[in-house]
Amino acid sequence: MAELGITDFEQFDFISPPSREGLLGAIDTLNLLGALEADHALSKTGQMMCLFPLPPRQSRMIVEAIAN
């Protein structure tokens with residue numbers, strides 16, 4: 001969603017909305033991985049992670065491997 005410019009995740013009109021806990025957990029995970037800025041926009045790391053069609057933790061590992 002952040003890749004598409006949608007930053008208000010909690011107010012987004014999902015067809016089949018996730019649970020609040022699930023949504024907040026996903027946001028926390030992306031924050032821990034350094035993929036989001038404070039305003040929920042993608043960070044540079046998050047932009048690189050989007051290049052890999054993998055779960056966030058795996059794409060973060062690849063980004064880190066490339067950076068080192």
Side-chain angles (χ1 to χ4, degrees):
M1 292 175 60
E3 183 181 16
L4 298 173
I6 300 166
T7 57
D8 192 3
F9 306 136
E10 292 186 59
Q11 298 302 317
F12 185 76
D13 190 22
F14 290 97
I15 292 172
S16 179
S19 68
R20 179 167 167 73
E21 295 80 20
L23 183 61
L24 295 177
I27 293 168
D28 285 343
T29 298
L30 292 173
N31 282 325
L32 288 171
L33 296 173
L36 295 176
E37 300 287 346
D39 63 353
H40 291 171
L42 280 179
S43 65
K44 294 243 183 219
T45 300
Q47 291 171 11
M48 291 177 62
M49 289 170 59
C50 285
L51 299 173
F52 305 101
L54 298 167
R57 289 182 177 97
Q58 292 175 343
S59 63
R60 179 64 169 106
M61 285 188 278
I62 292 174
V63 168
E64 189 65 27
I66 292 169
N68 290 322

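In the hydrophobic clustering of ILVMFWY residues, with side-chain heavy atoms under 4.5 Å counting as a link, Met1 and Met49 come out apart. Two different hydrophobic clusters hold Leu51 and Met61 under the rule that ILVMFWY side chains link at heavy-atom gaps under 4.5 Å. Note: the hydrophobic cluster containing Leu30 also contains Phe14 (ILVMFWY, side chain heavy atoms under 4.5 Å, direct or indirect links).
Note that CD of Glu64 and CG of Leu33 are 10.5 Å apart. Values are rounded to the nearest 0.5 Å. Here Leu32 contributes atom CG and Arg57 contributes atom CZ; the two are 8.0 Å apart, rounded to the nearest 0.5 Å. Note: Ile27 CD1 to Leu36 CG = 7.5 Å, rounded to the nearest 0.5 Å.
At a threshold of 4.5 Å between non-hydrogen side-chain atoms, the residues Glu3 and Leu42 count as touching. Between Phe52 and Ile66, the closest side-chain pair of non-hydrogen atoms falls below 4.5 Å. Between Ile62 and Met48 the shortest side-chain heavy-atom distance does not fall below 4.5 Å.
A donor-acceptor pair under 3.5 Å is formed between the side chain of Ser43 and the backbone N or O of Gly34.
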